[in-house]
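Since the structure comes first, as structure tokens, the remarks are kept for the end.
Atoms within a ligand are numbered from 1 in the order they appear, just like the ligands themselves.
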Amino acid sequence: MPQRPYVIDEMISAKQIAARIEELASEIRAEYSDTDKLVVVGLLRGSFVFIADLVRELDLPVEVDFLEASSYGNATESSREVRILKDLRGEIEGRDVLVVEDIVDTGYTLKHVRHLLSGRAPRKLKIIALLDKPARREVDIKADWIGFSIPDEFVVGYGIDFAQRNRNLPYIGKVRFTE
Ligand code: IMP
């Protein structure tokens with residue numbers, strides 16, 4: 001299906017993102033200061049840029065693992081059905097775990113992932129999301145840390161895509177259809 005034409009308006013600059021990550025990292029360092037190893041779980045694919053910047057600010061012993069849950073496909077609306085496409089490589093039982101998500105929208109993805117991972121008995125399970133769209137929430141889930149709370153707009157950049165494009169933008173921008 002041909003894509004409707006759109007432009008991208010900058011919403012959060014690369015500088016603002018970097019400054020916020022520094023703040024979040026210091027809170028996370030404090031929360032996990034007693035850990036022998038933190039397992040940082042990135043939700044693919046949207047969190048790959050965020051996780052890369054975040055772990056480099058953490059200054060803790062970390063292991064990085066990834067989980068892929070089904071996403072929007074080519075649409076801008078959630079399917080509400082969450083499937084695990086790729087599971088973790090490592091065990092998390094008894095471990096300190098930090099789940100890293102790009103955006104909490106309806107909340108279905110995080111709720112499903114939290115349920116799945118907490119069933120594996122980690123010592124501590126916390127969630128960080130770069131962006132939160134509280135107006136869109138349909139299920140009760142809250143991340144422990146949020147980078148930015150944003151209005152109900154479809155956004156791209158900094159790892160986040162629209163139909164697999166625009167992940168490489170260094171900033172977060174909102175999609176504005178021109179037709
Ligand atoms: P949820 O299950 O509805 O909370 O959806 C979460 C997932 O939907 C995110 O991890 C993103 O992959 C995707 N998503 C939600 N909002 C946007 C957006 O504005 N742009 C791109 N992807 C989005």
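- Close approach to Val155 involves these atoms of ligand 1, each under 4.0 Å from a residue heavy atom: 18 (C), 19 (O), 20 (N), 21 (C).
- For the ligand labelled ligand 1, residue Ile103 lies inside the 4.0 Å heavy-atom shell.
- Partners of Glu153 by salt bridge (Lys or Arg N to Asp or Glu O under 4.0 Å), not counting sequence neighbours, listed by chain and number: Lys174.
- Distances shorter than 4.0 angstrom occur between a heavy atom of Gly107 and an atom of ligand 1.
- Using a 3.5 Å distance cut-off with no hydrogens or angles, the side chains of Gln164 and Arg45 do pair a donor with an acceptor.
- The contact set between ligand 1 and Lys133, taken as ligand atoms under 4.0 Å from a residue heavy atom, comprises 16 (N), 17 (C), 18 (C), 19 (O).
- When only interatomic distances are considered, the shortest N/O to N/O separation between Ile160 and ligand 1 does not fall below 3.5 Å.
- Under a 4.0 Å heavy-atom criterion, Arg136 is not in contact with ligand 1.
- Under a 4.0 Å criterion applied to the non-hydrogen atoms of Asp161, ligand 1 contributes the atoms 21 (C).
- Residue-ligand proximity, Glu153 to ligand 1, at heavy-atom distances under 4.0 Å covers atoms 19 (O).
- Per-residue contacts place Thr109 under 4.0 angstrom from the following atoms of ligand 1 (heavy atoms of the residue considered): 1 (P), 2 (O), 5 (O), 6 (C).
- Taking the ring axis of Phe66 as reference, the NZ or CZ atom of Lys86 does not stay both within 45° of it and closer than 6.0 Å to the ring centre.
- Counting atoms of ligand 1 from 1 in the listed order, those under 4.0 Å from a heavy atom of Tyr108 are 2 (O), 4 (O).
- Short contacts between ligand 1 and Glu101, defined as distances under 4.0 Å to a heavy atom of the residue, involve ligand atoms 10 (O).
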Can you list the steps and then say if Glu63 with Lys37 is a salt bridge (charged side-chain N to carboxylate O under 4.0 Å, His left out)?
-> CA-CA 7 Å; Glu63 178 178 321; Lys37 189 173 68 181; 2.6 Å; yes

